[in-house]
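Report on the following structure.
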Amino acid sequence: MGSIALAILGFLAIIGVIVVLMKNWTTPAMAFLAVAVITALILVVTGTADVKTVGDFAKAGIKSVHNTAILFIFSVLFFGIMTDAGMFDVIINALTKNVGNSVVGVCIIACIIAMIGHLDGGGASTFLITIPAMYPVFKKLKIRPQVLMLICVTAMGVMNLLPWGGPTMRAASILSSFKEIYPDGYEANLLWKQIIPMQVVGIVIALFTAVFWGVVEQKKGAGLNSTRVVDYGDDDEITNSASSDKVNELARPKLFVVNLLITLAIIAALVWAPIPTNVTFMIGCLIALFVNYPGAKLQKKIIKSHADSSLMMATTIIGAGVFLGVLGGDFKSGDTTIPSIMDNMALMIAHGIPTNMAKFLPIIIGILSVPLAIFFSTDAYFYGILPVLIEVGRSFGVNPVHTAIAMVVCRNCGAFISPCVPATFLGIGLANVDIKDHIKFSFLWVWGVSIVCLLAGLVLGIIKF
């Protein structure tokens, strides 16, 4: 297959996944696996790749997400243990007391926690810090979980611009690869300093998001004594106890301080300790189980009560890994390497921009960044699209840094609504929200946020054309 055919195949594959998810024809895991298998068969039948090659693609894809899948299993168990032990009940009561019955206040708290939690630049750890703590509060006040996800992803998109954040570092590394322009390289810190005013605007927008949707939810009937009916999914979600009759049996009020210290230690380790996140939660589960529920029989009961939700989302993450592996693997033809499906998709988009519009490249790519985030993983977006667009822009006198800034800032806004980002599935799993509902609810708002940030960059003179 030629590069155009590969690109078309990639777009059809991603559209296929989105359609299947939106139509709710099957589970997300099966949707990813089914489309990945069909795509792989097309590659084999057309002679583009053999069975071993596509198998290696799938294996590489699983390898890229297996840590996230393991992380989800053990994080589900850890926060499930703490919920069963009643630690969150005490926190909920304290938060509710401090903000009263203020739906807006709770939304603002969620936004601030997400911003602080994302100081380490990790999407998975931010979801793990924010959602288990705030989900029970949102449920008690009858606030839709989609709102919690929207507040989180908006705050995370803004904070992910920090120089140690993945997108900023990726963009800086791409700029550094143009040695004829930047012989000494281009530091991520330098790129971030130029972005700071746009980031400040983004922080204001994130807080506004929390206030706006808090007001919306309040008008729709959310509140402490509300009779509003909100779908929070099944009763076995990870932030709930297994059943109401188990709450009294499993609660450990005398161990609240101990459990709180364990949780704070885990959060501190997520942010500062040089330990893999999944290992951190493994250790946390070990300590939490032995402290709260000694004995094999009771521990087995606790683990079993949280098994369904954790395994369901873990399989989804692995399915997404297989899908991204098939789309992201490079093909070999003798000693020649043929770009992956995603790379060819990126080239098609880059070459599809009319030359007479090239000088407006930062604006064009800024506007399209959120829709593109739905189709591309972070690596494919930056390493596939950015170098090509920089080359196109240079021939028309566009500053490479301005192109990079537009791509980094605007794409970050939509990073965690993308089904191509594994952390997205961790977030929706924790919040018990379907991927289709998350995208439907958040897409237009997040896209609007990205365009406002782009306009701020133009008005402040950070992006020029």
Side-chain angles (χ1 to χ4, degrees), residues 1-23 25-26 28 30-58 60-61 64 319-334 336-355 357-358 361 364-365 367-393 407 411 414 417-421 424 435-436 439 443 447:
M1 297 178 71
S3 59
I4 295 177
L6 287 172
I8 293 173
L9 177 61
F11 284 116
L12 290 175
I14 293 177
I15 291 171
V17 167
I18 293 173
V19 169
V20 171
L21 291 176
M22 292 296 183
K23 294 291 186 180
W25 287 338
T26 185
M30 295 303 103
F32 281 115
L33 289 174
V35 177
V37 168
I38 293 170
T39 305
L41 286 173
I42 293 173
L43 293 174
V44 172
V45 170
T46 57
T48 307
D50 55 27
V51 174
K52 183 181 182 305
T53 299
V54 295
D56 290 340
F57 289 168
S64 70
V322 172
F323 176 73
L324 295 175
V326 171
L327 265 62
D330 292 328
F331 305 97
K332 299 288 185 180
S333 179
T336 306
T337 299
I338 302 173
S340 68
I341 291 175
M342 275 202 172
D343 286 340
N344 281 294
M345 291 165 66
L347 288 170
M348 176 178 280
I349 289 174
H351 291 313
I353 298 175
T355 54
M357 296 293 290
L361 198 57
I364 295 171
I365 195 63
I367 293 173
L368 295 177
S369 284
V370 170
L372 290 176
I374 299 293
F375 289 90
F376 291 93
S377 66
T378 306
D379 285 337
Y381 180 86
F382 284 103
Y383 294 126
I385 299 177
L386 181 55
V388 178
L389 292 183
I390 286 178
E391 284 289 5
V392 173
M407 291 188 70
R411 193 267 178 187
I417 64 171
S418 172
C420 293
V421 175
T424 300
I435 182 67
K436 62 183 178 65
I439 294 174
F443 179 80
W447 195 4

Which residue is it: Thr39, Asp330, Thr48? I am looking for the one with a side chain to side chain contact (heavy atoms under 4.5 Å, CB included) to Ile341. Thr39
Quick check for you: to the nearest 0.5 Å, what is the distance between Ile374 atom CD1 and Ile417 atom CD1? 4.0 Å
Hey, does Leu43 have a side-chain heavy atom less than 4.5 Å from the side chain of Leu6? yes
Is atom CD1 of Ile4 surrounded by more than 12 heavy atoms (other residues, nucleotides or ligands) closer than 6.0 Å? no
Which atom pair, heavy atoms only, marks the closest approach of Gly16 to Val35? C-CG2, 4.3 Å
Side chains of Leu372 and Ile365, heavy atoms from C-beta outward: is any pair under 4.5 Å? yes
Closest non-hydrogen contact found for Val326 with Ala40 is CG1-N, 4.4 Å
Test your reading of the model: is there a side-chain donor-acceptor pair from Ser3 to the backbone of Asn344, 3.5 Å cut-off? no
From Ile439 CD1 over to Ile435 CD1, what is the distance, rounded to the nearest 0.5 angstrom? 4.0 Å
With a 4.5 Å limit on heavy-atom distance, are the side chains of Ser340 and Phe57 in contact? no
Just by distance, no angles: are the side chains of Asp50 and Thr53 close enough, under 3.5 Å, to form a donor-acceptor pair? yes
Enter the distance from Leu33:CG to Ile38:CD1 here, rounded to the nearest 0.5 Å. 11.0 Å
Pro371 and Phe443, any side-chain heavy atoms less than 4.5 Å apart: yes
Between the main-chain N or O of Ile367 and the side-chain N or O of Trp447, is there a donor-acceptor pair closer than 3.5 Å? yes
Nearest heavy atoms of Ala373 and Ser418, plus distance in Å: O-OG, 2.6 Å
Taken to the nearest 0.5 Å, the spacing of Leu327 CG from Leu9 CG works out to 7.0 Å
